[in-house]
Amino acid sequence: MGSVSLKLGDGTARFKRSTLCSSAVNILMLFSVLATNLFALYVFTYSPKHHTITPFHHKNITLISQHVSLIIKQIDSSQKKLARIENQLLGYQTLNVSRPNLANELKLFLQHHQLPLGKDSRTGITEMVASVGHSCEKSADLLSQYMTYKISGPCPDDWSLAQKLILRGCEPLPRRRCFAKTFQLATSKNDFLIDDVLAMGNNGIRIGFDIGKGSKTNTFAALMAEKNVTIITNTLNVDAPYSDFIAARGLFPLFFSLDHRFPFYDNVFDLIHVTSGLDVGTKPEKLEFLMFDTDRILRVGGLFWLDNIHCGDDEKKRTLTRLTEKFGYKKLKWVVGQKMDGAVGSGKHEVYLSAVLQKPVRI
């Protein structure tokens, strides 16, 4: 075939003869279009057999549903178990307030009280619950005994019962509507109140000296400091650093024994307080030396306070009585009584002497 020329105006257009390469490309494009159409037709017309896939798919869904159901049941069971544990820990919710032997004060304390302004918008709480230890339910009888008292009266002297409840896990203890006793060292007729002794000195007690084994922790000096009375304490570090402990409390320990002369000038102290320091042995001369030195440092009109001196027997009591009378002290208060021995289960009573004596004027 030759070329064709067309006369267009003043120019000529020519069409070249088709080549072999261009024909091959056209055939390849045609084949691609046909193959694509055939594959699409196959995909849309193919239908898989149900007996090979559907049963397998259904089985998987069933297994998953069973596992999910089991997990939900376990979560529900765990939540119920946690609720039971919480109720057990709360303790007070398990206390049976309808018990006939339960104190009325305890019943009243354990009652839930409605909030005065109704439901709290933030927390959703509608009532107040009493605060009491979760283990109190296990000691309901002791707790009822603790809550038995006279309303608006003095609280019973039952610190040992309270301590027993706390050691059994009943903490915090319930509140009580009674007045706590002021802390004075008085639990029997042999124990004198500090205010009473200070009144015997016509409020002229400013500085004192504490002697005895009962001065290890210097509680007496701490109580007297609250009354604006300065107490110097004789102490020894027997089995423990008592002097360090006393100094750490901001009090004044004096580290020396009772076997030598007191390092004080004459007529210094307004008060001499003695607990067990007079137990200096069996020889009466040794006790007499101690008494003379004690008398030397006590001013005229000062008070000599014998605080629960263990007499042991009547003979020692008579010896101590004769010795104090020898110095001519005025007896402002004199009490001889018995106390239970400190040994557990001994059942033995010991004789104790407590007295407040006033140093006389000597010419």
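All values derive from a computational prediction rather than experimental measurement.
Annotation: side-chain contact (heavy atoms from CB on, under 4.5 Å) contacts of E105 (sequence neighbours excluded): L108, M147, Y149, I151, R177. Annotation: side-chain contact (heavy atoms from CB on, under 4.5 Å) contacts of I75 (sequence neighbours excluded): I71, Q79. Here D196 pairs with L193 under the side-chain contact (heavy atoms from CB on, under 4.5 Å) rule; sequence neighbours left out. Residues passing the side-chain hydrogen bond (donor to acceptor under 3.5 Å, both in side chains) test with K330: none are found, sequence neighbours excluded. With sequence neighbours excluded, no residue forms a salt bridge (Lys or Arg N to Asp or Glu O under 4.0 Å) with R168. Every residue two or more places apart in sequence or in another chain that forms a ring-ring contact (aromatic ring centres under 6.0 Å, His included) with F327 is listed here: F292. Residues passing the salt bridge (Lys or Arg N to Asp or Glu O under 4.0 Å) test with D293, sequence neighbours excluded: R296. With sequence neighbours excluded, the residues satisfying side-chain contact (heavy atoms from CB on, under 4.5 Å) with T321 are K317, E325, K331, W334. Applying the salt bridge (Lys or Arg N to Asp or Glu O under 4.0 Å) rule to R175 yields no partners; only residues at least two apart in sequence or on another chain are considered. Residues passing the salt bridge (Lys or Arg N to Asp or Glu O under 4.0 Å) test with R261, sequence neighbours excluded: none.
The aromatic rings of F264 and F269 sit perpendicular to each other, their planes meeting at more than 60°, with 30° as the lower class boundary.
Using modelled atom types, no side-chain atom of D307 and backbone atom of T275 make a donor-acceptor pair closer than 3.5 Å. Remark: the backbone N or O of D295 is paired with a side-chain donor or acceptor of K359 at under 3.5 angstrom. In this structure a side-chain-to-backbone donor-acceptor pair under 3.5 Å is missing from T126 to K119. Of the possible polar contacts, one joining the S78 side chain to the Q74 backbone as a donor-acceptor pair under 3.5 Å is found. Between the S354 side chain and the N308 main chain, a donor and an acceptor come within less than 3.5 Å of each other.
Rounded to the nearest 0.5 Å, atoms CG (L143) and CZ (F109) are 9.5 Å apart. From L323, atom CG reaches atom OH of Y329 across 9.5 Å, with rounding to the nearest 0.5 Å. Between the OH atom of Y146 and the OG atom of S139 there is a distance of 13.5 Å, given to the nearest 0.5 Å. Distance check, rounded to the nearest 0.5 Å: CG of L357 to CG of L298 gives 10.0 Å. To the nearest 0.5 Å, atoms CD1 (I205) and CE (M200) are separated by 11.0 Å. Here the CG atom belonging to L198 is positioned 10.5 Å from the CG atom belonging to N228, to the nearest 0.5 angstrom.
The shortest side-chain heavy-atom distance between W305 and I194 falls under the 4.5 Å cut-off. Here the side chains of V268 and F262 are not in contact, with every heavy-atom distance at 4.5 Å or above. Between Q145 and P156 the shortest side-chain heavy-atom distance does not fall below 4.5 Å. Between M291 and F304, the closest side-chain pair of non-hydrogen atoms falls below 4.5 Å.
For L117, the CG atom sits in a loose shell: 12 or fewer heavy atoms of surrounding residues, nucleotides or ligands are nearer than 6.0 Å.
The shortest non-hydrogen separation linking P154 to C178 is C-CB, 4.2 Å. Listed here is the closest heavy atom pair of V274 and I309: O-CD1, 3.7 Å. Scanning all heavy atoms of the two residues, the minimum distance from S144 to A103 falls at OG-N, 2.8 Å.
Sorted by first and then second residue, the salt bridge (charged side-chain N to carboxylate O under 4.0 Å, His left out) pairs involving residues 62-73 (not counting sequence neighbours) form an empty list.
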(message) As a quick check of understanding, evaluate side-chain contact (heavy atoms from CB on, under 4.5 Å) for H273 and M224, giving each step before the final call.
(response) CA-CA 11 Å; H273 177 256; M224 292 296 283; over 6 Å; no

(request) Might you work through the side-chain contact (heavy atoms from CB on, under 4.5 Å) test for R206 and T230, ending with a clear yes or no? (result) CA-CA 6 Å; R206 304 158 301 162; T230 302; over 6 Å; no

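Other residues sharing the hydrophobic cluster of L167, ordered by chain and number and joined by side-chain separations under 4.5 Å: none, the residue standing alone.
I272 and Y265 fall within the same hydrophobic cluster, defined by Ile, Leu, Val, Met, Phe, Trp and Tyr side-chain heavy atoms under 4.5 Å apart, directly or through other members. F179 and L161 are members of different hydrophobic clusters when ILVMFWY side chains are connected at heavy-atom separations under 4.5 Å. Under the 4.5 Å side-chain heavy-atom criterion for ILVMFWY residues, no single connected hydrophobic cluster contains both F209 and V300. If you chain together hydrophobic residues whose side chains sit under 4.5 Å apart, F289 and L287 never meet in one group.
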